[in-house]
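Structure first, then comments.
The residues of the chain are indexed from 1 along the displayed sequence. Bear in mind the structure is a predicted one, so any value in this text is a computation, not a measurement.
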Amino acid sequence: MAKYSGLTKEVGHKKRGKTGVLLMNLGTPDEPTASSVRRYLAEFLADPRVVEIPKLVWMCILHGIILRVRPAKSAALYKQVWTEQGSPLMDITRRQTQKLASYFEQAGEDVSVEFCMRYGEPSVASTLKRMHQQGVDKMVVLPLYPQYAAPTTASAFDAIAKELTSWRYLPALHFINTYHDHPDFIDALAASIAKDFETNGKPQKLVLSYHGMPERNLHLGDPYYCFCMKTTKLVVAKLGLAEDDYITTFQSRFGKAKWLTPYTDATMESLPGQGVKDIAVVCPAFSADCLETLEEIAGENREIFEQAGGENYRYIAALNDDDAHIKMMANIVKPHI
């Protein structure tokens with residue numbers, strides 16, 4: 001309790017001193033319905049970090065065309081991956097948070113672990129306020145995007161900064177912007193792939209499919225492409241793969257602009273014609289399985305490959321709440337808590 005002679009009564013400040021770890025992921029609709037998807041896309045696609053088109057022009061396109069057409073189509077796709085626990089991304093991120101909290105508890109660390117979504121719920125603002133109410137005044141933020149990119153990692157920072165601009169008392173903050181080459185990440189990813197090889201046999205080719213990005217972003221200085229290639233290089237070295245044993249591709253493009261190449265779907269269509277009919281696909285840019293991995297890669301791209309003459313196609317799951325993944329998260333944030 002502090003006294004100030006210029007005030008007529010004592011000023012009290014809640015005792016603080018707790019450390020918090022905040023996991024952040026992209027987000028998901030609340031339900032696999034057109035209305036829910038529309039709300040989610042309206043927030044997601046309005047972010048200038050995500051779509052770098054002059055705002056007035058883009059808002060006309062977004063609200064005049066995209067949000068009238070895309071929600072129903074996307075909702076149908078979400079229904080294909082929805083589970084009894086809801087959105088796979090939400091369920092997995094929640095489990096990751098619970099397991100990381102248990103990890104610190106068993107280690108005797110008094111750390112508050114929470115998660116939020118950049119778009120949708122639980123929101124950045126509500127989660128930060130809850131952690132503040134818990135007495136957290138030192139916070140480590142871990143966006144669950146292994147490879148830094150402005151539309152994902154930088155946007156996560158934007159959301160935190162926007163909320164904190166209105167706070168009187170700011171927490172000490174450490175923001176982890178990438179872990180694409182962290183030894184524990186590479187070890188966990190390589191171990192997951194090796195386990196698949198042991199169970200199902202080594203494929204003719206391993207396809208490492210990363211989320212796509214407009215090629216323009218690379219030329220403007222975004223390091224995402226370079227970080228993806230570094231992840232690939234370290235993982236295949238760990239696995240002992242030769243250059244002909246793997247290929248790096250990029251998925252999930254939209255619009256007419258040129259994106260990072262080679263495109264995953266075009267690669268799936270061309271591989272069987274090159275005599276490659278047995279492949280395994282892994283998505284190192286995703287910390288949790290979601291629509292882009294479960295529907296697009298495990299479903300849509302499988303069909304493209306098989307229709308082109310491919311015979312054996314398997315998707316290697318994201319690290320999700322695997323113990324090695326949780327240990328990696330803990331080791332990344334430990335130096336800052």
Is it the case that more than 12 heavy atoms not belonging to [X] sit under 6.0 Å from its [atom1] atom?
| X | atom1 | answer |
| --- | --- | --- |
| Leu220 | CG | yes |
| Glu105 | CD | no |
| Gln274 | CD | yes |

Requested in this report: Report the residue from Tyr225, Trp259, Tyr263 that forms a ring pair (Phe, Tyr, Trp, His ring centres under 6.0 Å) with Phe250.
Outcome: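 For Phe250, the ring pair (Phe, Tyr, Trp, His ring centres under 6.0 Å) test succeeds with only one of Tyr225, Trp259, Tyr263, which is Tyr225.
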
Taking all atoms of both residues into account, what is the closest heavy-atom pair of [X] and [Y], and its distance?
| X | Y | value |
| --- | --- | --- |
| Val37 | Pro29 | CG2-CG, 3.9 Å |
| Ser36 | Glu31 | OG-N, 3.1 Å |
| Gly20 | Val136 | N-CG1, 3.7 Å |
| Glu269 | Ala308 | O-CB, 3.4 Å |
| Ser123 | Cys116 | O-CB, 3.7 Å |
| Pro146 | Leu144 | CD-O, 3.7 Å |

Would a 4.5 Å heavy-atom cut-off, applied to side chains only, mark [X] and [Y] as touching?
| X | Y | answer |
| --- | --- | --- |
| Lys129 | Glu163 | yes |
| Met213 | Leu218 | no |
| Phe185 | Asn331 | no |
| Ser287 | Met329 | no |
| Cys290 | Phe286 | yes |
| Met24 | Ile160 | yes |
| Leu41 | Leu67 | yes |
| Glu52 | Asn217 | yes |

Do [X] and [Y] belong to the same hydrophobic cluster, where Ile, Leu, Val, Met, Phe, Trp and Tyr are linked whenever their side-chain heavy atoms lie under 4.5 Å apart, directly or via other members?
| X | Y | result |
| --- | --- | --- |
| Ile92 | Tyr78 | no |
| Phe227 | Leu260 | no |
| Val282 | Tyr315 | no |
| Val141 | Leu23 | no |
| Val207 | Leu239 | no |

Check: [X] side chain, [Y] main-chain N or O, donor-acceptor pair, under 3.5 Å:
| X | Y | value |
| --- | --- | --- |
| Glu43 | Gly120 | yes |
| Ser270 | Thr267 | yes |
| Arg302 | Ala298 | yes |
| Tyr145 | Leu26 | yes |
| Asp245 | Ala242 | yes |
| Ser102 | Gln98 | yes |
| Asp322 | Asn320 | no |
| Thr97 | Thr93 | yes |
| Ser209 | Cys283 | no |

Query raised in the report: With respect to Tyr210, which candidate in Thr248, Thr232, Thr249, Thr264 satisfies the side-chain hydrogen bond (donor to acceptor under 3.5 Å, both in side chains) definition?
Result: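 Only one of Thr248, Thr232, Thr249, Thr264 forms a side-chain hydrogen bond (donor to acceptor under 3.5 Å, both in side chains) with Tyr210, namely Thr232.
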
Query - Name of the residue among Asp47, Thr153, Thr152 meeting side-chain hydrogen bond (donor to acceptor under 3.5 Å, both in side chains) with Arg118 - result: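 Exactly one pass, corresponding to Asp47.
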
First locate atom [atom1] of [X], then atom [atom2] of [Y], and finally report the distance between them rounded to the nearest 0.5 Å.
| X | Y | atom1 | atom2 | value |
| --- | --- | --- | --- | --- |
| Glu300 | Leu77 | CD | CG | 8.0 Å |
| Asp244 | Gln204 | CG | CD | 11.5 Å |
| Leu173 | His336 | CG | NE2 | 11.5 Å |
| Cys60 | Ile65 | SG | CD1 | 9.5 Å |
| His219 | Asp222 | NE2 | CG | 12.0 Å |
| His132 | Thr127 | NE2 | OG1 | 14.5 Å |

Is it true that [X] and [Y] have a side-chain N and a carboxylate O under 4.0 angstrom from each other?
| X | Y | result |
| --- | --- | --- |
| Lys233 | Asp181 | no |
| Lys334 | Glu109 | no |
| Lys327 | Asp184 | no |
| Arg95 | Asp91 | yes |
| Lys205 | Asp278 | no |

Report task. Test the Arg39-Phe44 pair against the cation-pi criterion, namely NZ or CZ under 6.0 angstrom from the six-membered ring centroid and within 45° of the ring axis. Result ->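 Verdict for Phe44: no cation-pi partner in Arg39.
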
Query raised in the report: So among Arg130, Lys18, Arg94, which one has a salt bridge (Lys or Arg N to Asp or Glu O under 4.0 Å) with Glu114?
Result: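 So the option named by the test is Arg130.
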
Query raised in the report: Given the side-chain rings of Tyr148 and Tyr179, with only the six-membered ring counted for Trp, is the space between their centroids under 6.0 Å?
Result: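 No.
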
Query raised in the report: When you look at Ile304 and Tyr313, which way does the side chain to side chain contact (heavy atoms under 4.5 Å, CB included) test go after all the steps?
Result: CA-CA 10 Å; Ile304 294 172; Tyr313 180 109; over 6 Å; no

Report task. Check the pair Met90 / Phe115 against side chain to side chain contact (heavy atoms under 4.5 Å, CB included), numbers first and verdict last. Result -> CA-CA 10 Å; Met90 179 68 74; Phe115 79 94; 3.7 Å; yes

Query - side chain to side chain contact (heavy atoms under 4.5 Å, CB included) between Met117 and Val124, intermediate numbers included - result: CA-CA 6 Å; Met117 297 296 180; Val124 173; over 6 Å; no

Query raised in the report: Between Glu296 and Ser252, is a side chain to side chain donor-acceptor pair (under 3.5 Å) present by the stated rule, with each step listed?
Result: CA-CA 8 Å; Glu296 182 179 356; Ser252 309; 2.7 Å; yes

Report task. Say whether Tyr119 and Asn25, considering side chains only, have a donor N or O and an acceptor N or O under 3.5 Å apart. Result ->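 There is no such pair (donor and acceptor under 3.5 Å, judged by atom type) between the side chains of Tyr119 and Asn25.
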
Report task. Test Asn200 against Arg314 for side chain to side chain contact (heavy atoms under 4.5 Å, CB included), laying out the working first. Result -> CA-CA 9 Å; Asn200 301 299; Arg314 61 183 188 267; 3.5 Å; yes

